[in-house]
Amino acid sequence: MHRIKALPFDWQFDPATTALLVIDMQRDFIEPGGFGASLGNDVSLLQSAVPVVAELLQIARQAGLTVIHTRECHRPDLADCPSTKRLRGDPLLHIGDDGPMGRILVCGEPGADIIPQVAPRPGEMVIDKPGKGAFYATALTEMLRWHNIRSLLLAGVTTEVCVQTTMREANDRGYECLLVEDATASYFEEFKLATLAMIRAQGGIVGWTAPLAAVREAFGE
Ligand code: C5J
């Protein structure tokens, strides 16, 4: 077993049954002209997580962990995008509209791509998901079972939306989860801090959090 100095207490995990799950590091959220920007957000606020996720990926790959990436995106006919999502807010562009990086949040469009700095390597799994949680309407459960995964290291954007939703879904399904604090970011710093606090409150009611430095140390890097 490996041990990470985490909050609310040390996290123990077996690398053979642990996966790194990287949530939605897509151009649509991180670059100007995509979904995040269309909702009026300052997308530059997500940049801080990019080099941290890149190093986390490097550590995980070197340690032989299973690596899974997710992309939030919809079918071109938008059959999987309910009006509760498409019509929410007052965006400049709605999901499915033509934008500078292709159709907003549609699978296969340039905006739905994962940014090059943290791009998947051949052999790594990539899951397209229509919801906030990565378990909803995807084969993630089956993929984790197939690879005998029991624990998840989480990273990605945005902290309080798709990352937190996925972590809660995973916790309900019996996975031990640790969110890497500096490998996640939000358009709202206060929401990120609140999410980290509520995850580890009450004895780790959703799971654990730790900075990349603690992960690095646990892997002897
Ligand atoms: C959002 C996400 N923020 N990946 N999606 O709508 O967190």
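Whatever order the structure lists them in is the order used to number ligands and atoms, beginning at 1.
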Test item: E160 and F188 side chains (from C-beta on) under 4.5 Å apart, heavy atoms | yes
Apart from V163 itself, its cluster of hydrophobic side chains linked below 4.5 Å comprises L21, I23, I68, M125, I127, F135, L140, M143, L144, I149, L152, L154, M167, Y175, L179, L196, I199, I205, V206
Decide side-chain contact (heavy atoms from CB on, under 4.5 Å) for R121 and R61; before the verdict, give the C-alpha distance in whole Å, the side-chain angles of both, and the deciding distance to 0.1 Å.
-> CA-CA 9 Å; R121 293 260 175 91; R61 286 166 178 152; 3.3 Å; yes
Exactly which residues line ligand 1, taking a heavy atom under 4.0 Å from it as the test?
-> D24, F29, F35, E72, V157, T158, V161, C162
Would you sort out whether F13 and F219 count as a ring pair (Phe, Tyr, Trp, His ring centres under 6.0 Å), showing the intermediate values?
-> CA-CA 11 Å; F13 68 102; F219 284 100; 5.6 Å; yes
Decide yes or no on salt bridge (Lys or Arg N to Asp or Glu O under 4.0 Å) for D128 and R71, but give the supporting numbers first.
-> CA-CA 5 Å; D128 285 342; R71 297 183 294 212; 2.6 Å; yes
Establish, from distance only, whether the side-chain atoms of Q12 and H2 form a donor-acceptor pair under 3.5 Å.
-> no
